[in-house]
There are 2 protein chains.
Amino acid sequence: MKKVTMLDIAKQAGVSKATVSMVLNKRDESISDETKNKILNLAKELNYIPNSLARGLSTKKTRTIGIVLPDITNPFFSSIARAIEDSASSSGYNVIFCNTDNEMGKEQEYIKLLISKLVDGVIFATGGESCSSVNMLKHNSVPFVLVDRYIDGYEKEYGVYSLNQEGVMKGIDYLHSIGSRKIAFVKGNENLQISNERLKGYKKAMDKYCIYDKNLIFSGDFTIEGGINATKQILDHIGNIDAIFYSNDMMALGGMKVLLRNGLKIPEDVKIMGFDNIDICEIFEPELTTIAQPIYDMGKEACNLLIDIIDNKDIEKKQVYFKTSLVIRKTT
Amino acid sequence: MKKVTMLDIAKQAGVSKATVSMVLNKRDESISDETKNKILNLAKELNYIPNSLARGLSTKKTRTIGIVLPDITNPFFSSIARAIEDSASSSGYNVIFCNTDNEMGKEQEYIKLLISKLVDGVIFATGGESCSSVNMLKHNSVPFVLVDRYIDGYEKEYGVYSLNQEGVMKGIDYLHSIGSRKIAFVKGNENLQISNERLKGYKKAMDKYCIYDKNLIFSGDFTIEGGINATKQILDHIGNIDAIFYSNDMMALGGMKVLLRNGLKIPEDVKIMGFDNIDICEIFEPELTTIAQPIYDMGKEACNLLIDIIDNKDIEKKQVYFKTSLVIRKTT
């Protein structure tokens with residue numbers, strides 16, 4: 001198995017490899033048009049593609065970035081990944097993706113692999129505290145941008161987030177404005193700071209209206225199954241609850257299934273709100289009311305920020321925060 | 001910005017770079033345990049990670065593969081991508097992913113980039129005929145495996161598919177067995193061979209029961225919107241139809257939305273069947289009856305096949321075909 005090389009072109013054109021190199025690298029002033037055209041046509045015909053790996057070794061750039069995320073089949077992360085890849089490819093970068101399932105061991109292995117492949121930078125949606133992964137990146141001077149998920153000391157690192165607390169508060173304000181008072185809240189994974197941010201938003205808003213009750217908080221984990229399990233518990237208290245705020249859409253979709261199956265009407269019997277605004281919110285019946293994160297824009301921004309860092313551009317702000325917005329559909 | 005190098009370790013350990021190299025490459029018989037341990041500890045402390053790119057240049061292997069697919073946010077392809085990445089990483093490979101949106105121009109640009117990055121191989125879900133992409137791969141001796149989607153001359157290429165015709169026939173047999181006779185069919189993109197395969201299955205099965213009627217065939221494109229549009233047309237004929245077979249799940253989910261909104265009961269008024277068995281079939285209400293492709297297994301098989309080719313193993317069969325299975329849920 002062999003890639004087409006300059007030597008292959010040289011042999012067929014009956015010239016030296018040096019001549020081919022000069023033509024293909026546009027240092028061809030001294031070469032006749034006839035020879036030039038012969039070489040360029042052969043390069044096309046033989047599908048010659050320059051080896052950018054060798055170039056990478058001399059320029060110290062591979063024009064490859066890595067994205068480390070929990071699971072590409074989660075619609076939130078597939079949208080983020082799509083946005084990153086779109087932006088990266090329009091700047092001539094390729095993207096390596098890695099699924100960590102929120103496991104720290106996998107995360108570290110991937111970071112090590114990415115560094116060994118000399119990626120120019122990494123975009124990182126962490127599955128926990130990720131200290132050693134972040135340290136490895138720093139020690140090896142590999143630039144990185146955190147996306148969506150905070151870590152301890154995130155104020156010192158580049159990152160793109162949305163305003164989670166404010167988003168949840170916006171949702172509770174709306175539920176309150178349409179008459180809900182007994183609003184249950186389903187949390188995300190407890191080891192993620194983003195879960196705590198959303199919980200804080202819930203507490204603050206409920207406190208503001210003097211309707212906070214810690215018995216209305218239920219455990220979840222950002223998965224459909226997590227939403228199903230939490231909702232089965234909520235069913236025992238359902239007479240006492242008029243709305244459920246799920247801290248992401250996936251849990252809300254799982255939860256709605258349980259509620260509908262148990263003969264409850266949405267929104268008549270119980271109002272439902274999610275967080276994220278993943279694409280499938282709109283195809284579900286009833287369509288899910290949710291707090292929208294600008295998912296695509298966040299991915300795009302993370303990628304552009306990373307490329308600016310790689311290119312040594314001046315960066316005004318290390319962290320970028322996106323506003324969320326309330327999307328009212330049919331479940332409220 | 002600088003990666004930790006052997007020289008950094010040598011300086012701190014007060015030894016030569018050659019000594020460090022010997023220790024890290026396990027050619028260290030002549031070196032004292034004390035020096036060895038000092039070097040290994042420093043390597044760990046400084047987060048030293050060997051440069052596999054330089055290694056790649058000498059071994060001609062980058063241990064990186066590319067996947068070229070229409071869109072990572074499509075749940076079918078995110079599942080395939082996840083399976084490929086799982087298998088790849090367990091064999092020590094990284095995966096670069098590329099979204100083509102079924103556009104031939106993008107496809108070719110990506111293939112060119114992947115070849116220039118010296119990927120060891122490519123897994124390819126084509127968006128059309130893809131002649132020039134396939135030719136570029138062949139001319140540069142980059143091994144590739146087609147997945148899910150056929151191209152002209154696919155019998156000569158490595159590929160992993162499911163038995164599409166047989167799958168659709170299985171679905172029609174089932175619909176017939178439960179009393180459906182007027183079964184509409186919504187096609188996929190007309191420029192994809194896989195759409196034609198599924199249509200052939202529909203024709204064969206309907207012919208077998210002498211119930212084929214070409215007026216029951218509607219155009220689609222494998223997207224939710226395509227399903228919505230086709231179903232709006234079907235509504236005009238709805239009195240005359242007792243079941244709809246959508247040639248993928250995404251279109252079925254879009255179509256069900258239109259039907260439910262128009263007050264039709266599923267399955268009482270019209271039975272619905274999809275194709276693929278993507279994860280969200282199960283969270284929808286009513287849950288979608290479908291022809292399941294073993295999506296994860298197909299991705300895994302494609303990746304393992306590619307790695308076997310890269311490793312010059314003997315390959316028994318160039319094409320692998322997976323059987324589909326009927327998954328009966330609540331829409332029939």
Side-chain angles (χ1 to χ4, degrees), chain A residues 1-4 46-57 62-64 66 71-75 78-79 81-82 85-86 89 92 94-99 106 109-110 112-118 135-136 138-143 224 253-254 256-257 260-261 279-280 283-285 312, chain B residues 1-4 46-57 62-64 66 71-75 78-79 81-82 85-86 89 92 94-99 106 109-110 112-118 135-136 138-143 224 253-254 256-257 260-261 279-280 283-285 312:
Chain A
M1 306 251 203
K2 211 173 140 301
K3 206 170 160 304
V4 178
L46 296 173
N47 282 298
Y48 170 76
I49 296 166
N51 171 352
S52 69
L53 193 56
R55 211 191 299 144
L57 269 188
T62 55
R63 293 190 93 73
T64 304
D71 181 6
I72 194 84
T73 67
N74 174 325
S78 69
S79 291
R82 171 75 210 225
E85 205 275 317
D86 283 352
S89 79
N94 277 134
V95 182
I96 289 175
F97 78 106
C98 312
N99 300 290
K106 279 194 187 180
E109 278 310 304
Y110 276 120
K112 212 179 279 179
L113 251 178
L114 290 174
I115 296 174
S116 82
K117 297 254 159 104
L118 303 188
N135 278 337
M136 269 196 280
K138 285 185 173 175
H139 271 100
N140 286 282
S141 305
V142 176
I224 290 177
L253 297 178
M256 278 163 67
K257 199 178 161 68
L260 293 170
R261 287 257 162 133
D279 292 339
I280 52 170
I283 46 169
F284 239 77
E285 279 292 316
N312 286 316
Chain B
M1 307 250 204
K2 210 172 138 303
K3 205 170 160 304
V4 179
L46 296 173
N47 282 298
Y48 171 76
I49 295 166
N51 170 351
S52 70
L53 193 57
R55 210 192 300 144
L57 269 189
T62 55
R63 292 190 92 75
T64 303
D71 181 5
I72 195 83
T73 68
N74 174 325
S78 69
S79 291
R82 169 76 209 225
E85 204 275 317
D86 283 351
S89 78
N94 277 134
V95 182
I96 290 175
F97 77 106
C98 311
N99 299 290
K106 278 195 187 180
E109 278 311 303
Y110 275 120
K112 214 180 275 179
L113 252 178
L114 290 174
I115 296 174
S116 82
K117 297 254 160 103
L118 304 190
N135 277 338
M136 269 195 279
K138 285 184 174 176
H139 271 99
N140 286 282
S141 307
V142 176
I224 288 176
L253 297 178
M256 277 164 66
K257 200 178 161 68
L260 293 170
R261 287 258 161 133
D279 292 339
I280 52 171
I283 46 170
F284 241 77
E285 280 289 318
N312 286 315

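We name chains A, B, ... by the order of the sequence lines, and we start the count at 1 in each one. These values consider heavy atoms only, across backbone and side chains, with no hydrogens, waters or symmetry-generated copies.
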Could you tell me which of A/Glu285, A/Glu85, A/Met256, A/Met136 has the largest number of non-hydrogen atom pairs under 4.5 Å with chain B?
A/Glu85
Using non-hydrogen atoms and a 4.5 Å limit, figure out which bit of B/Ile72 sits close to chain A: side chain, backbone, both or neither.
both
Output the distance between atom OG (B/Ser78) and atom CG (A/Asn74), rounded to the nearest 0.5 Å.
9.0 Å
What is the distance from atom CD of B/Glu109 to atom OG of A/Ser89, rounded to the nearest 0.5 Å?
10.0 Å
Chain A contact via B/Arg63 - side chain, backbone, both or neither, heavy atoms under 4.5 Å:
both
Any donor-acceptor pair under 3.5 Å from A/Asn140 side chain to B/Asn47 backbone:
yes
Of all the heavy-atom pairs spanning B/Thr62 and A/Lys117, show the shortest one and how long it is.
O-CE, 3.2 Å
Which pair of non-hydrogen atoms, one from A/Thr73 and one from B/Ser79, has the smallest distance, and what is that distance?
CG2-CA, 3.8 Å
Below 4.5 Å, heavy-atom pairs only: which of A/Leu46, A/Leu260, A/Leu253 has the largest tally toward chain B?
A/Leu46
Which atom names give the shortest non-hydrogen contact between B/Lys257 and A/Ile283, and what distance separates them?
CD-O, 3.8 Å
For chain B, which candidate among A/Ile280, A/Asp86, A/Asp71 shows the most heavy-atom pairs at distances under 4.5 Å?
A/Asp71
Look at the aromatic rings of A/Phe97 and B/Phe97 and report parallel, tilted or perpendicular, splitting at 30° and 60°.
perpendicular
